[in-house]
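Please read the structure below before turning to the comments.
None of these values were measured; they are calculated from a predicted model.
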Amino acid sequence: MKPSADQLRARAEAASAALPALMLSAERLAAALVAGAHGQRRAGTGEDFWQYRPATAGDTARSIDWRRSARSDGQFVRDREAQVAQSAALWVSGAAGMDYAGGEDRPSKRDRADLLALALAMALLAGSERVALTGQPPRPGRLQAERIAEALIARQALDGDEDAPPAEALRPGQRVVLFDDFLGDPQPVLDYLGRAASLGVQGVLMQVLDPDEEGFPWGGAVLFRSASGALRHDTRDAAGLRGAYLARLAERRELLQRAALTAGWHFGSHDTAAPPAQALLWLWSVLEG
């Protein structure tokens with residue numbers, strides 16, 4: 001059933017009210033990261049001059065800058081700055097389960113994933129990269145960060161428990177970061193990684209979980225159900241399920257990590273009770289090599 005005009009207006013008002021807070025939090029997070037990093041400048045195959053450095057045994061005669069070397073007793077190489085990747089694409093799962101938060105003192109998985117995605121986008125944009133959500137045209141600049149924030153806030157959670165990144169949106173030379181809890185059917189993600197590897201696309205799987213999902217704190221009689229209500233399990237001894245659950249979670253992580261490694265990707269996990277800066281720093285470090 002389509003939402004009424006009043007419902008659409010209420011959603012729009014809620015989205016616009018949340019936008020400034022998300023932008024501010026992401027800006028602070030990204031600024032701390034960029035200030036603490038050494039930047040993207042490193043030797044590579046780009047066109048822009050970076051620095052002169054003393055020649056080493058591995059340098060060829062063609063790489064020596066003889067004009068600079070003539071002004072001193074040593075030989076020097078003219079390093080060029082590495083070119084940044086062509087573009088970066090970010091995807092945040094819209095599955096219903098991403099709205100789960102096990103306590104009022106911590107954010108939902110969706111809120112934390114949105115924050116990490118936007119802060120990472122801002123940091124990449126500050127490095128002159130072109131960034132977008134998957135399926136959207138990548139662009140540089142401050143205005144693009146606002147577009148990404150608006151899109152994250154405006155999108156509606158899905159009614160179902162499953163969501164998957166669009167493999168048809170993959171483009172050669174991209175870097176992609178996927179944010180999800182990866183608790184659903186893993187096959188779409190495995191297929192996506194296979195497609196990405198065939199195109200030479202590199203990226204990161206970032207699993208975002210609530211502390212309840214990390215530790216399984218329940219005991220006694222509990223009715224478990226998925227966010228959509230499609231899956232249900234009633235037990236009188238939840239504590240007795242803890243060992244089996246944690247084993248299955250470890251198996252899922254091992255599967256994703258192995259698949260990511262095979263595709264040339266990275267796999268990481270983040271607990272919403274942990275500071276978001278930890279996850280952002282890790283994402284930055286693996287993306288920047």
Residues at least two apart in sequence or cross-chain that pass side chain to side chain contact (heavy atoms under 4.5 Å, CB included) with Q144, listed by chain then number, are L125, A132, R139, R147, I148

List the residues meeting side chain to side chain contact (heavy atoms under 4.5 Å, CB included) with P107, not counting sequence neighbours, and say none if there are none. D111, R112, T272

Restricting to pairs with a member in residues 198-210, which pass salt bridge (charged side-chain N to carboxylate O under 4.0 Å, His left out), not counting sequence neighbours? R106-D210

Spell out, as yes or no, whether a donor-acceptor pair under 3.5 Å connects the side chain of S25 to the backbone of L22. no

Which residues, ordered by chain and number, are linked to L209 in its hydrophobic cluster, where ILVMFWY side chains connect at heavy-atom gaps below 4.5 Å, directly or through other members? Y100, L183, F216, W218, V222, F224, L241, Y245, L246, L249

Heavy atoms from other residues, nucleotides or ligands near CG of D191 exceed 12 (cutoff 6.0 Å): yes

Does G97 offer a backbone N or O that forms a donor-acceptor pair with the side chain of K109 under 3.5 Å? yes

Can you pull the salt bridge (charged side-chain N to carboxylate O under 4.0 Å, His left out) pairs that have at least one residue in residues 247-263, sequence neighbours excluded? E214-R253, E254-R258

Give the table of side-chain donor-acceptor pairs shorter than 3.5 Å for residues 161-168, with sequence neighbours excluded, one pair per line with atom names and distance.
unit_1 : atom_1 : unit_2 : atom_2 : d
D161   : OD1    : S228   : N      : 3.0
D161   : OD1    : S228   : OG     : 3.0
D161   : OD2    : S226   : OG     : 2.8
D161   : OD2    : S228   : OG     : 2.6
E162   : OE1    : D185   : N      : 3.2
E162   : OE2    : D185   : N      : 3.2
D163   : OD2    : G94    : N      : 2.7

Taking only distance into account, with no hydrogens and no angle test, what donor-acceptor pairs under 3.5 Å do side-chain atoms of residues 229-239 form with protein atoms, sequence neighbours excluded?
unit_1 : atom_1 : unit_2 : atom_2 : d
T235   : OG1    : D237   : N      : 3.1
D237   : OD1    : G240   : N      : 3.3

Going by salt bridge (charged side-chain N to carboxylate O under 4.0 Å, His left out), name the residues that satisfy it together with E146, two or more places apart in sequence or in a different chain. R142

Do D181 and S93 make a side-chain contact, defined as non-hydrogen atoms from C-beta onward lying under 4.5 Å apart? no

Rounded to the nearest 0.5 Å, what separates atom CG in L280 from atom CG in L116? 6.5 Å

Taking the hydrophobic residues Ile, Leu, Val, Met, Phe, Trp and Tyr, and joining any pair whose side-chain heavy atoms are under 4.5 Å apart, which ones share a cluster with L143? none

Co-members of the apolar cluster containing F267 [side chain, <4.5 Å]: W91, L170, V176, L178, F182, V189, Y192, L193, L199, V201, L205, L256, W265

Restricting to side chain to side chain contact (heavy atoms under 4.5 Å, CB included), what partner residues turn up for D99, sequence neighbours left out? R110, A157

By side chain to side chain donor-acceptor pair (under 3.5 Å) - contacts of Q257 (at least two apart): none

Heavy-atom count around R155 CZ within 6.0 Å, excluding the residue itself: above 12? yes

